[in-house]
**Q** 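Just dropping this structure here.
This structure is a prediction, so every number in the text was calculated from the model and none was measured. So you know, we letter chains A, B, ... as the sequences are listed, proteins then strands, and number each from 1.
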Amino acid sequence: MTKELPNDNITVALAGNPNVGKSTIFNALTGMKQHTGNWAGKTVSNAKGKCQSEKFEYTFVDIPGTYSLLAHSPEEEVARNFLCFKNPRAVVVVCDATCLERNLNLVLQTMEICKNVIVCVNLLDQAKRKKITVDLQKLSSLLGVAVVGTVGHKTKSIRPLLNVLDDTVLKENGDYLKINYPENIEKALDILSVPLKKLAPDNINHRWLALKLLEPDFSLSQEIRTFLGEDFFENDEIINAKAQAKALLQDDIENAVAKALITKAESIAKEVVTKGDNKKELDRSLDSIFTSKTFGYPIMLLLLGLIFWITISAANYPSELLSDLFFYIQQKLTALFNFLGAPDWLHQSLVLGVYRTLAWVVSVMLPPMAIFFPLFTLLEDSGYLPRIAFNLDKPFKKCNACGKQALTMCMGFGCNAVGVTGCRIIDSKRERLLAILTNNLVPCNGRFPTIIAIITMFLCFGNRAISSVFSALILTLVILFGIIATFAVTKLLSKTILKGVPSSYTLELPPYRKPQFAKVIVRSVFDRTLFVLGRSVAVAAPAGLLIWLLANISVGDISVLQHCANFLDPFARLLGLDGVILLAFILGLPANEIVIPIIIMAYMNTGSLTELTSITAMRELLIANGWTINTAISVILFSLLHWPCATTILTIKKETGSIKWTLVSVVLPTLLSIAVCMLFNLILRFV
Amino acid sequence: MNLFDLKKGQKCRIDKIFSKGSIKRRLFDIGLIEDTRVECVEESPQHDPKAFLIRGAVIALRQEDCKNILIKDLEI
């Protein structure tokens, strides 16, 4: 085959097992900010990014991490289809040096499909720590392709990879790897390759295609029709050759193929990997503690509580500081409007409406978010989350669900929309739906600050040092309640509309990694916190204006806001709320962060208070409007269990592709929150 | 004996795999075929699942899935 001249833009695929630092390398190459974390399944669709080397401009495509190209999960099909039919100029297969043997399995499979493969042995630093050495030169000569060693998070170590890529692109195309299969399979392949050579294009490995055609549960037919023509399977030559070839195969061809690949990977690994004496591995000792019968569950709770305690106690001060600052600016703005002689309605709607709502969102929501997000990301980076899944697998199994639901549940703490997308790591459709529909039952970052603020105001008001510990404790209990609700609803669903038995799955417990503190903090603050804050600000500004209008446009004697609140009030009272609170939750649909600011705005416009600078003043305002501890608890329960935010609903629609399930995802928590709040207030009445 | 009989710290080899469908392919993915050496490294607090060291990676499997995997050459 002749070499195509490299044009301006060369497509290179980035493949690899899950959780080998592929996204980190992709980010280093392209300067992009794909989310990374220490667990399998973060990259769920192809991400693209450009990168300039000394000679060429490359478009890197980060395809989902897969263990192999044999199986039939959605991400594996995305990966295989890209490699097989999109003809990338080269494929970089990223491998984990600490676990090279299993990674080689994918390398071999990729080399069967693609001609220009480069093996990138990543995480060399971790391998070194584990006293594992990889002979890269030997690996290169055994495989017959270029091999580069990298340390993913060090940008410097990426350059050699680009140089090798330049060389590979300039060279002639390599050849497909030929794995030796048992004799009968080889003969069958020879027979079927004859018509394929005529009928299938040159840029597909005919031997591999023949192998796929002979598999019993063949999953490529749709792709082949799309890329090789609708009538490909009706061709007589193909049909005849396939029948002849099939006659030669006695037992399971899949077994034989897998065995050939695994044995080859094993023999290569034996030659290139040397393991030093590493008697008691740190990972094993850590796992003995984190998954122990005695400490496993207490440590999970303790870590959760610790994160909340740090968040609450560290957020106090900046919150007040911001609030003072914004109030100072508000006074200046008012002065400016007066100075310019602006009409009163303009001043009121812009300053008291839009600005004040914005100020509330930023001062109440930003500090806890900016502290919680990085802490959570550190936990995610360390590799602890899969241990949570390991510990909680049995309870999830009892609910006929998948243990990986624990992972998606944890992601929900950051953002429910992200948690819902993350449910793609669950293979079984039924179990994925269970995870999607219950994700909303753990409070996301938009709801934490609301719950924290209410706890601080009503349940632990007083001495700050003691109250922050106490607040963290109560918050942990609230979360625990959310987790129990997750299990209960999962069980309920799997006994009713989502019946089924738990399916089989494997869960990898990756090595622990030391989180890269500086990077985590920068990433989580800039990429996640500011993103979420931006979204809530974008919602808060119009919401502020709307609420001001509602509060100031009167129909009859009272404002529209009051009309709405009065209308909702009788029902809201049954839930232990009031009309304003329920209205705030309804208006807070686009972003949960604005619920408290709306409540405050509404009370301030109807009441006499006009200045609000501290949490004490806020508490007094709420009490003046009839709040009691019971109201506070009802609001917390409602906030924890109520319908998902608009972004999450849209994500659920996208992920399930079904209006029915999207409706269920809204109706179910709505009914749950109403039922729980009513029950709580009913009990109160009799106590 | 099946894989779930392996206790924490014990090693063995895989004798036969009777798993079917997607889990069979998942086992291929992690390199689990006949004669593969396996060590049980962890048990979850409620004893199920168990985590096994398979070709350098730690993989957790549920009791139901282990039952279809028979073992041999147990080393205690």
**Q** Just jot down the side-chain hydrogen bond (donor to acceptor under 3.5 Å, both in side chains) partners of A:E112, sequence neighbours excluded, or say none.
**A** A:Y181
**Q** Under 4.5 Å heavy-atom distance to chain B, tell me which part of A:T506 shows up: side chain, backbone, both or neither.
**A** both
**Q** Fit a plane to each ring of A:F290 and A:Y384, take the angle between them on a 0 to 90° scale, and name the class: parallel (under 30°), tilted (30 to 60°) or perpendicular (over 60°).
**A** perpendicular
**Q** Given a strict heavy-atom distance threshold of 4.5 Å, which part of A:T98 is in contact with chain B: side chain, backbone, both, or neither?
**A** backbone
**Q** Would you compute the distance between atom CG of A:L407 and atom CG of A:L507 and round it to the nearest 0.5 angstrom?
**A** 6.5 Å
**Q** Taking the basic N atoms (NZ, or NE/NH1/NH2) and the acidic carboxylate oxygens, is any pair closer than 4.0 Å for A:E508 and A:R102?
**A** yes
**Q** Looking at A:L392, A:D287, A:N105, A:T66, which makes the most heavy-atom pairs under 4.5 Å with chain B?
**A** A:D287
**Q** So for A:S503, is it side chain, backbone, both, or neither that comes closer than 4.5 Å to the heavy atoms of chain B?
**A** backbone
**Q** Supply the atom-to-atom distance A:N391 CG to A:I299 CD1, rounded to the nearest 0.5 angstrom.
**A** 9.0 Å
**Q** Quick one: which of B:D35, B:T36, B:V41, B:L53 has the most heavy-atom pairs under 4.5 Å with chain A, could you say?
**A** B:V41
**Q** Does any heavy atom of chain B fall under 4.5 Å from the side chain of A:D283, the backbone, both, or neither of them?
**A** neither
**Q** Could you name the residues of residues 44-52 of chain B that have a heavy atom within less than 4.5 Å of a heavy atom in chain A?
**A** B:S44, B:P45, B:Q46, B:H47, B:D48, B:P49, B:K50, B:A51
**Q** Does B:K8 have more than 12 heavy atoms from other residues, nucleotides or ligands lying within 6.0 Å of its NZ?
**A** yes
